[in-house]
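Below is one structure; the comments refer to it alone.
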Amino acid sequence: TPVAVSMSSENWLVAIFTLAVAILVSIYGKGFSKIVPVLIAIIAGYILALFMGLVDTTPIVKAFETPIALPFSNLGTLNLDYVAILAFAPLALITLIEDLGHMMILSNITGKDLNQNPGFDKVVLGNGLATGAASLFGGVPLTTYAENIGVLAITKVYSTFNIWIAAIFATGLSFFNPLQAAIMSIPSAVMGGVEILLFGMIGAAGLRTLIEAKVDFSKNKNLIIAS
């Protein structure tokens with residue numbers, strides 16, 4: 001949440017407008033709009049930022065000079081730096097805790113025990129394989145993201161089939177340079193406004209878990225853990 005507030009502080013008018021659109025569409029939207037309130041809010045916030053002169057369109061125009069990006073055109077040689085590996089390996093413990101927390105929140109949101117099916121072990125395996133594959137191609141380490149859980153909580157769409165289709169489309173569209181430039185041109189305030197809602201949904205889902213579990217906060221142990 002501090003990250004979302006920091007991003008929003010670049011222009012609070014745009015951030016609050018984007019947040020308001022996301023809230024209104026998620027509550028009062030009908031049909032397809034009810035499923036994509038975050039996307040609609042980002043587009044609306046982007047248009048407002050565009051009229052306010054906060055968007056630099058120069059990179060987008062320039063991207064049309066070479067509209068298609070060839071994959072692996074800048075792929076370098078494999079380099080195993082064991083010092084770097086040993087330095088970053090312990091960070092995997094942090095992502096394990098993060099993944100477990102996300103699984104618990106997802107179970108609460110979807111009403112299914114995801115720690116049993118598909119199982120936490122498969123989530124960790126998938127996370128590790130994805131990070132390994134990404135690193136071989138010069139990518140960054142991968143983990144589960146709370147923002148995506150917030151999207152699921154808002155849209156109520158939990159279909160893994162939809163996620164597969166979205167991943168395929170995202171991979172295909174990633175080769176289109178103008179789209180990449182357009183996404184990179186989205187002002188931080190727009191994303192900050194949306195992320196306030198997304199991170200807030202995660203916090204609310206966590207509180208719901210505690211309430212449904214009837215956690216006794218008169219006990220100092222439980223209070224300290226929650227703190």
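Counting begins at 1 with the first residue of the sequence.
Residues Asn177 and Gln180 are in side-chain contact: their nearest non-hydrogen atoms beyond the backbone lie under 4.5 Å apart. At least one side-chain heavy atom of Val25 sits less than 4.5 Å from a side-chain heavy atom of Ser33. Counting only heavy atoms from C-beta outward, the side chains of Val190 and Pro187 approach each other to under 4.5 Å. Taking 4.5 Å as the limit, some side-chain heavy atom of Val14 sits within range of a side-chain heavy atom of Leu54. Proximity of Leu13 to Met52: side-chain heavy atoms (C-beta onward) are separated by under 4.5 Å at one or more points. You'll find the side chain of Tyr158 stays beyond 4.5 Å of the side chain of Ile163, heavy atoms only. Taking the side chain as every heavy atom from C-beta outward, Leu114 and Phe120 never approach each other to under 4.5 Å. Side chains of Leu50 and Thr57 form a contact here, defined as non-hydrogen atoms less than 4.5 Å apart.
Residues Leu173 and Trp164 do not share a hydrophobic cluster, defined by chaining ILVMFWY side chains whose heavy atoms lie under 4.5 Å apart. Neither Val123 nor Ile97 shares a network with the other; the hydrophobic side chains, linked directly or stepwise wherever heavy atoms of I, L, V, M, F, W or Y lie under 4.5 Å apart, form separate groups for each. Under the 4.5 Å side-chain heavy-atom criterion for Ile, Leu, Val, Met, Phe, Trp and Tyr, Leu93 and Leu100 are members of the same hydrophobic cluster. Under the 4.5 Å side-chain contact rule for hydrophobic residues, Leu179 and Val61 do not share a cluster. Phe161 and Val36 sit in two unconnected hydrophobic clusters of ILVMFWY residues. Membership requires side-chain heavy atoms under 4.5 Å apart, directly or through other members.
With 3.5 Å as the limit, one finds no donor-acceptor pair spanning the side chains of Asp56 and Ser185.
Enclosure of atom CZ in Phe169 is not indicated, since only 12 or fewer non-hydrogen atoms of other residues, nucleotides or ligands lie within 6.0 angstrom.
Not a single donor-acceptor pair under 3.5 Å links the side chain of Thr131 to the backbone N or O of Gly128. Between the side chain of Thr18 and the backbone N or O of Val194 there is no donor-acceptor pair closer than 3.5 Å. Lys214 places no side-chain N or O within donor-acceptor distance of the main-chain N or O of Ile211, the cut-off being under 3.5 Å. Using modelled atom types, no side-chain atom of Asn222 and backbone atom of Phe217 make a donor-acceptor pair closer than 3.5 Å.
Residue Ile196 comes nearest to Trp12 through the heavy atom pair CD1-CZ3, 4.3 Å, listed as atom of the first residue, atom of the second, then distance. Of all heavy-atom pairs between Ser8 and Ala15, the closest is CB-CB, 3.5 Å. In terms of heavy atoms, Ala153 sits closest to Lys156 at O-NZ, 2.8 Å. Taking both residues in full, the closest heavy atoms of Ser188 and Glu10 are given as CB-OE1, 3.5 Å, listed atom of the first, atom of the second, then distance. Residues Phe17 and Ala44 share a closest heavy-atom pair of CE2-O, 3.5 Å. For Met7 against Gly192, the heavy-atom pair with the smallest separation is CB-CA, 3.8 Å.
Note that CG of Leu129 is 13.0 Å distant from NZ of Lys122, once rounded to the nearest 0.5 Å. Here the CD atom belonging to Glu98 is positioned 8.5 Å from the CG atom belonging to Asn127, to the nearest 0.5 angstrom. The structure places CD1 of Ile43 at 14.0 Å from CG of Leu48, a figure rounded to the nearest 0.5 Å. For the atom pair Met184 CE and Ile186 CD1, the distance stands at 9.5 Å (nearest 0.5 Å). Note that the CD1 atom of Ile183 and the CE atom of Met191 stand 9.5 Å from one another [nearest 0.5 Å]. To the nearest 0.5 Å, atom CG of residue Asn220 and atom CD1 of residue Ile225 are 11.0 Å apart.
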| request: Take Lys112 and Asn117 through the side-chain contact (heavy atoms from CB on, under 4.5 Å) test and state the conclusion after the steps. | output: CA-CA 8 Å; Lys112 299 179 180 179; Asn117 183 24; over 6 Å; no
